[in-house]
Amino acid sequence: MSTNREIHLASRPQGWPTPDNFRLVETEVPTPGPGQLVVRNQFISVDPYMRGRMNDVRSYVPPFALDAPLDGGAVGEVVASEADGFAPGDTVLHGLGWREYALVDAKAARQVDPNLAPLSAYLGVLGMTGLTAYAGLLDVAAMKPGETVFVSGAAGAVGSMVGQIAKLRGAARVVGSAGSPAKVERLRSLGFDAAFDYHDGPVRDALRAAAPDGVDVYFDNVGGEHLEAAIGAMNLHGRAAICGMIAQYNATEPPAAPRNLALLIGKRLTLRGFLVGDHGHLREQFVQETAGWLRAGKIAYDETVVDGIEHAPAAFLGMLRGENLGKMLVRL
């Protein structure tokens, strides 16, 4: 192959992104220089955090550049190498998705074994998604056996892992919110003790019914009304791991803060934001424990797969609308 196809950011979204914000561009397949690899991507990840990088604002990572390919998690096969320790045929995980062929610095690539797990799993249950759930629940929120855990966006890639890990680590009760009856049923099949569709009424009322004795740990993927409801329901010394706030990613006006923040004082609550990149020290422990659960059939994961690089923008937009069950991936 001599032609490479990439998805470029054509313009910055105002509110909800549209297909016009993206452009499919043909380029030549790159040639590696010293210390570099060319990887034929087989799966790429589209994730909520990418929406924030489409804005030209200061954040914890630089914004995506206009008229250049977006990036994100990807796994694929090395087709050319000028780096020691890597050879054609190796399978690697790296951060240059949204393109068919990626020119990757070897120091930014990690070899994975395609015989141990499906390639897509290295972007989800055994990758950044799984580590986010593991670190947020067990390190950031410091969940203890016997506690009650509430997870918003619980049918997504991270949320579904959080609920299952909580049960495996001894939570007394795990409650999840999701956006459709089918997703609610899936949460129950994954072992959640209770689940509700947030479209059915105020989150506060649904959470009170699902967790009548209160919540000790809240894993937040949504923000907004969910965060306010969780603060109201949290018990003394409750902890919240703030992973994402997808409810406001496409807002054009500043969101109203939760109206009950004063409760943090009397309840002595802890609300802590986190980034998975700060928890690399847990990677080996996470992979070892999660791989064991997978082998034993104690943990399950869902994937929604869209085929073709040309459909990556549609997959991303669908993920923002909640059309995915579990991890949203693009197969190339």
Side-chain angles (χ1 to χ4, degrees), residues 47-49 124-125 128-138 140-141 143 147-212 214-234 238-249 274 276 290 293 298-304 318-328:
D47 300 289
Y49 80 87
V125 62
M128 183 184 72
T129 297
L131 181 57
T132 299
Y134 189 92
L137 178 69
L138 302 179
V140 177
M143 189 211 86
E147 293 189 318
T148 295
V149 177
F150 172 45
V151 188
S152 59
V158 172
S160 59
M161 285 286 291
V162 172
Q164 293 180 87
I165 293 170
K167 293 299 290 186
L168 288 165
R169 281 297 199 94
R173 187 169 181 81
V174 177
V175 176
S177 73
S180 73
K183 290 182 177 181
V184 168
E185 286 304 310
R186 179 55 177 159
L187 293 181
R188 292 179 177 140
S189 75
L190 291 175
F192 282 69
D193 297 288
F196 60 86
D197 183 342
Y198 62 83
H199 294 111
D200 289 344
V203 175
R204 176 194 60 210
D205 297 342
L207 181 57
R208 185 182 297 121
V215 171
D216 301 298
V217 168
Y218 172 47
F219 195 103
D220 190 14
N221 292 305
V222 176
E225 183 187 2
H226 279 79
L227 178 56
E228 184 172 296
I231 291 170
M234 288 175 82
R239 290 93 61 206
I242 311 299
C243 177
M245 294 193 176
I246 197 169
Q248 65 191 55
Y249 288 168
F274 75 101
V276 66
T290 304
W293 288 331
K298 293 182 177 180
I299 202 165
Y301 62 95
D302 295 306
E303 295 177 340
T304 301
M319 178 272 304
L320 289 181
R321 292 191 293 264
E323 295 174 0
N324 57 301
L325 183 62
K327 182 73 174 177
M328 179 68 92

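To the nearest 0.5 Å, atom CE of residue Met234 and atom CG of residue Leu207 are 10.5 Å apart. A distance of 11.0 Å separates OG1 of Thr304 from CE of Met319, quoted to the nearest 0.5 Å. Note that CG of Leu325 and CG of Leu187 are 8.5 Å apart. Values are rounded to the nearest 0.5 Å. Note that CD1 of Ile299 and CE of Met161 are 4.0 Å apart. Values are rounded to the nearest 0.5 Å.
Of all the heavy atoms in Ala178 and Lys183, the pair that sits closest is CB-CB, 3.7 Å. Scanning all heavy atoms of the two residues, the minimum distance from Ala154 to Gly176 falls at CB-CA, 3.7 Å. The two residues Asp197 and Gly179 make their nearest non-hydrogen contact at OD1-C, 3.6 Å. The shortest non-hydrogen separation linking Ala133 to Val162 is CB-CG2, 3.5 Å. The minimum heavy-atom distance linking Gly159 with Phe192 is given by the pair O-CZ, 3.9 Å. Considering all non-hydrogen atoms of both residues, Asn324 and Met328 come closest at CB-CE, 3.7 Å.
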Check against side chain to side chain contact (heavy atoms under 4.5 Å, CB included), Asp193 and Thr148: CA-CA 10 Å; Asp193 297 288; Thr148 295; over 6 Å; no
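Using a 3.5 Å distance cut-off with no hydrogens or angles, the side chains of Ser152 and Asn221 do not pair a donor with an acceptor.
A heavy-atom distance below 4.5 Å is found between the side chains of Phe196 and Val175. Put simply, the side chain of Val140 does not reach to within 4.5 Å of the side chain of Phe219, judged on heavy atoms. Between Leu227 and Tyr218, some side-chain heavy-atom pair lies under the 4.5 Å cut-off. Contact annotation: the side chain of Val149 approaches that of Leu137 to within less than 4.5 Å [non-hydrogen atoms, C-beta and beyond]. By the 4.5 Å heavy-atom criterion applied to side chains, Asp302 and Ser160 are not counted as neighbours.
Looking at Glu185, its side chain never comes within 3.5 Å of a backbone N or O of Pro181 through a donor-acceptor pair. A side-chain donor-acceptor contact under 3.5 Å links Arg188 to the backbone of Ala195. Judged by distance alone, with hydrogens and angles left aside, the side-chain atoms of Lys298 form no donor-acceptor pair with the main-chain N or O of Thr290 at under 3.5 Å. Using a distance-only test at 3.5 Å, with no hydrogens or angles considered, no donor-acceptor pair links the side chain of Thr129 to the main chain of Val125. A donor-acceptor pair under 3.5 Å links the side-chain atoms of Arg173 to the main chain of Ala210, judged by distance alone.
Taking the six-membered ring where the residue is Trp, Tyr198 and His226 present perpendicular rings, their angle passing 60° and hence far from 30°.
Partners of Glu147 by salt bridge (charged side-chain N to carboxylate O under 4.0 Å, His left out), not counting sequence neighbours, listed by chain and number: Arg239. In terms of the side chain to side chain donor-acceptor pair (under 3.5 Å) criterion, residue partners of Asp47 (sequence neighbours excluded) are, by chain and number, Ser45, Lys327.
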